[in-house]
Amino acid sequence: MDARADRRVAFVMGNSEYREIPALKNPDKDAEDVSKTFRLAGFEVFTAKDLTRLQFEEQFRNYLAAADGADLAVVYYSGHGFQIGGENFLIPVDASLKDPADMEVQAIKVDDVLQQLRSRSKIQVIILDACRNNPFPRKDYWLRDQLIVAGGTGLAQLAGSQNTLIAFATEPGAVAYDGSGDLSPFSSAFSRRALAPNQEIRSVMSAVRRDVVKATNGKQVPWENSSLLDDVVLMRGEEQPAPPPDAQQNQQTAERGIQVAAAAEAIGNRDINVPVGVGPVPLELDLPTKDVPVSLKLASYPATGTLSLPDRVLPPQSSLMATEVDQLRYEPQIGQAAPVEVGFQIGAGKALKQATMKLSPSVDPCDQAAGEPLDLQGVGPGRLANEIGSGAVEACEAAVQAHPDVARFRYELGRALLAAGRNDDARKAIQEAADKGHIRAVFELGHIAAAGIGAAPDPAKANGFYAQASDKGDPYAMTALGRALFDGVGVQRDTGKGLDLLLKAAAMGHTNAMNDLALIFKQGRNGVPADPARALAFLRAGFDRQEAYSMAILGLSPKLDTPVVAVCTPKVVTKVITKVKVIRTPAPMAPPPKITTPKAPVVPPWRGGNAGDHDRSQSGGGDG
């Protein structure tokens with residue numbers, strides 16, 4: 001078997017500076033320490049501190065894109081978290097949780113995080129140092145179709161699926177302690193124990209448990225639920241090959257010095273462009289010497305992204321032989337555009353030189369021209385269909401030719417072809433992307449079937465595609481299928497499942513789902529009682545994401561040249577939106593419109609009629 005570098009990706013969060021409640025002293029430092037631990041173990045690490053709800057959505061999407069196809073995906077969270085009705089929630093720093101519907105629009109459901117990881121990675125690990133008392137004064141919140149009182153302490157037991165480990169800082173229903181040091185007892189023990197070479201993670205967690213029980217005098221007992229089928233070793237103990245002894249070192253000192261200087265000059269002051277989202281990119285350093293005694297050590301590791309050889313990821317402080325340097329690769333982190341520096345210490349015998357090079361991430365022109373909002377395999381904020389310009393087809397054709405194995409480019413080519421009116425070519429490109437595993441392309445096939453592009457509309461066929469993409473976590477598909485199930489369009493009605501899918505899509509930042517939920521709760525439909533306050537919470541969530549239709553329902557107009565939140569004062573917003581009415585202001589001097597009775601039900605504009613949920617009518621949700 002060919003050796004290869006396993007893809008191991010970690011998302012580490014620490015929330016300390018809460019705005020509505022007292023700050024926590026440990027999570028920021030916990031996140032720094034645990035991030036260093038995972039980087040030393042050879043993970044690509046996404047680190048985030050003091051996340052608001054919108055910041056979480058953006059950074060979690062970037063992490064999911066990187067974790068797509070990963071061998072191991074890890075989420076580590078330190079901060080406030082508590083349970084409601086057996087569901088665990090992580091709390092962003094801007095949460096107020098004053099109203100019953102706030103939990104749905106402000107907090108992060110752990111099970112939603114786990115489901116996304118399941119659909120993208122082989123093995124999932126979630127580690128939660130979040131078992132603190134609920135500090136918010138309100139205790140009852142909406143959870144799906146019930147108003148439920150929040151659990152008093154700790155987190156609820158969370159069931160994983162096959163090949164999953166879920167670890168808690170303490171046992172279910174109990175409280176974790178911050179401790180007396182800079183780090184929590186749990187995070188401190190984890191960082192120390194996780195770097196033990198060649199230790200399987202269940203052995204690591206057992207050692208962590210012993211350390212925490214001792215540090216807290218038995219008051220805190222870490223706990224985990226494992227369904228792992230494979231062994232998971234965080235810190236691999238493989239030793240780097242040492243240079244062979246040089247019997248003629250004394251005679252060759254001068255020659256070695258020349259070789260080291262030449263290698264340093266070849267690496268130093270280089271600026272290498274590295275495309276984002278195409279996998280590890282060979283750096284092609286081409287050292288002028290392949291002399292075995294010349295070695296390189298990573299003196300400074302890039303701040304984001306990962307360096308690797310074809311058979312292994314290189315953690316900080318790794319060493320390379322001169323013969324391996326030509327195989328060095330770098331994979332930039334999705335969502336990070338800033339250049340990074342890599343420092344090398346080059347040596348042979350007593351000769352030693354330092355060299356630094358720059359790596360500059362770049363987003364492909366196809367991603368810039370035809371990437372789609374909320375694409376969990378995308379690399380940027382995306383464009384709506386009506387924003388795709390005439391040069392997108394050419395840019396995406398070039399990307400497909402350069403990277404034939406990257407399914408995302410085929411899908412974006414399909415979007416560009418649709419925008420250009422080349423429907424047959426578009427369907428072919430989208431089908432190829434779907435066959436290669438691009439999830440949003442499967443949704444797009446559903447949209448084509450629902451809209452009747454090239455054939456009669458087929459809602460049942462569309463729902464089949466939506467179900468496939470929804471199972472993989474796509475928020476567009478969740479919204480389209482949720483709406484179909486809720487209303488019984490092309491499928492047997494299942495109000496509960498439909499509502500749940502709409503809530504999941506809204507939790508991922510999809511504003512069309514937020515608008516649908518707002519109307520459901522405003523009107524009260526299919527057995528779901530009317531609740532204007534709950535409707536208002538979802539409209540406010542759309543408003544926060546500068547979504548045009550949410551603002552239209554609220555009777556507001558978006559300002560394209562200034563931040564939308566500056567349009568009006570909170571007093572005015574509250575007065576207008578409390579009744580959840582559409583306020584229409586007729587243009588001056590315009591004749592009164594002719595009123596006619598529609599022959600078919602009026603469909604909200606963001607829903608696209610039989611076309612399902614599609615970005616051609618969505619505004620703003622891609623950036624939320």
Side-chain angles (χ1 to χ4, degrees), residues 10-15 24 26-27 30-31 33-34 37-38 72-91 107-115 117-118 123-135 150-179 181 183-196 199-234:
F11 184 29
V12 180
M13 296 174 282
N15 283 350
L24 295 172
N26 295 133
D30 289 343
D33 198 63
V34 172
T37 298
F38 280 118
L72 174 60
V74 177
V75 169
Y76 193 108
Y77 174 80
S78 180
H80 272 301
F82 50 87
Q83 60 168 300
I84 302 175
E87 296 274 10
N88 294 316
F89 291 84
L90 310 181
I91 311 302
I108 300 154
K109 189 186 296 184
V110 174
D111 192 58
D112 287 348
V113 172
L114 180 56
Q115 287 187 30
L117 297 187
R118 288 171 183 159
I123 302 172
Q124 306 85 44
V125 172
I126 293 183
I127 303 174
L128 302 173
D129 190 2
C131 314
R132 294 170 172 86
N133 278 318
N134 177 2
T153 58
L155 298 177
Q157 182 171 341
L158 185 64
S161 62
Q162 188 170 288
N163 242 358
T164 298
L165 183 141
I166 304 163
F168 296 85
T170 192
E171 58 195 320
V175 176
Y177 295 88
D178 289 329
L183 304 177
S184 74
F186 180 79
S187 292
S188 175
F190 177 81
S191 291
R192 181 172 60 255
R193 293 295 186 177
L195 293 178
Q199 290 293 304
E200 208 275 332
I201 192 169
R202 283 162 288 197
S203 297
V204 169
M205 299 312 300
S206 294
V208 169
R209 182 163 36 251
R210 290 192 294 271
D211 289 353
V212 173
V213 168
K214 182 178 180 180
T216 62
N217 294 319
K219 296 178 181 179
Q220 180 176 333
V221 183
W223 170 88
E224 63 269 357
N225 176 29
S226 172
S227 60
L228 292 177
L229 302 179
D230 301 306
D231 288 344
V232 175
V233 175
L234 299 178

- Can you tell if the side chain of Lys219 reaches within under 4.5 Å of the side chain of Thr170, non-hydrogen atoms only? no

- Message: Can you tell me how far apart CD1 (Ile201) and CZ (Phe190) are? Round to the nearest 0.5 Å.
- Response: 6.0 Å

- Can you name the closest pair of heavy atoms from Ile91 and Ala107 and give their distance? CD1-CB, 4.0 Å

- Ring centroid separation Phe38 to Phe11 under 6.0 Å: no

- Separation between CD1 of Ile126 and CD1 of Ile166, rounded to the nearest 0.5 Å: 6.0 Å

- Hey, does Phe186 have a side-chain heavy atom less than 4.5 Å from the side chain of Asp30? no

- Output for pair (Phe168 CZ, Asn88 CG), nearest 0.5 Å, gives 5.5 Å

- Query: Any side-chain heavy atom of Asn15 within less than 4.5 Å of one from Leu24?
  - Reply: no

- Output, in order, the C-alpha distance, side-chain angles, deciding distance and verdict of side-chain contact (heavy atoms from CB on, under 4.5 Å) for Asp231 and Arg202. CA-CA 9 Å; Asp231 288 344; Arg202 283 162 288 197; 3.5 Å; yes

- So Thr164 and Gln124, side chain to side chain donor-acceptor pair (under 3.5 Å) or not? Walk me through it. CA-CA 5 Å; Thr164 298; Gln124 306 85 44; 2.7 Å; yes

- Item | Any side-chain heavy-atom pair of Leu72 and Val125 under 4.5 Å | yes

- State whether the side chain of Glu200 and the backbone N or O of Val232 hold a donor-acceptor pair below 3.5 Å, judged by distance alone. yes

- Message: For the CH2 atom of Trp223 and the CZ atom of Arg209, what is their distance to the nearest 0.5 Å?
- Response: 10.5 Å

- Message: For the CG atom of Leu229 and the CD atom of Gln162, what is their distance to the nearest 0.5 Å?
- Response: 4.5 Å

- Rounded to the nearest 0.5 Å, what's the gap from OG on Ser206 to CZ on Arg193? Could you check? 10.5 Å

- Which heavy-atom pair separates Ser203 from Gln199 by the least distance, and what is that distance? CB-OE1, 3.8 Å

- Item | Shortest non-hydrogen separation from Ala167 to Met205 and the atoms involved | CB-CE, 3.8 Å

- For the residue pair Gly81 and Leu155, what are the closest heavy atoms and their distance? C-CD2, 3.6 Å

- Going through the distances and angles, do Leu128 and Leu90 end up as a side-chain contact (heavy atoms from CB on, under 4.5 Å)? CA-CA 9 Å; Leu128 302 173; Leu90 310 181; 4.1 Å; yes

- Query: Of all heavy-atom pairs between Thr37 and Leu195, which one has the smallest distance, and what is that distance?
  - Reply: O-CD2, 3.6 Å

- Task: Indicate yes or no for a side-chain donor-acceptor contact from Asp129 to the backbone of Ala169 under 3.5 Å, with no hydrogens or angles considered.
- Result: no

- Message: Evaluate Met13 against Val75 for side-chain contact (heavy atoms from CB on, under 4.5 Å), listing each step before the verdict.
- Response: CA-CA 8 Å; Met13 296 174 282; Val75 169; 3.8 Å; yes

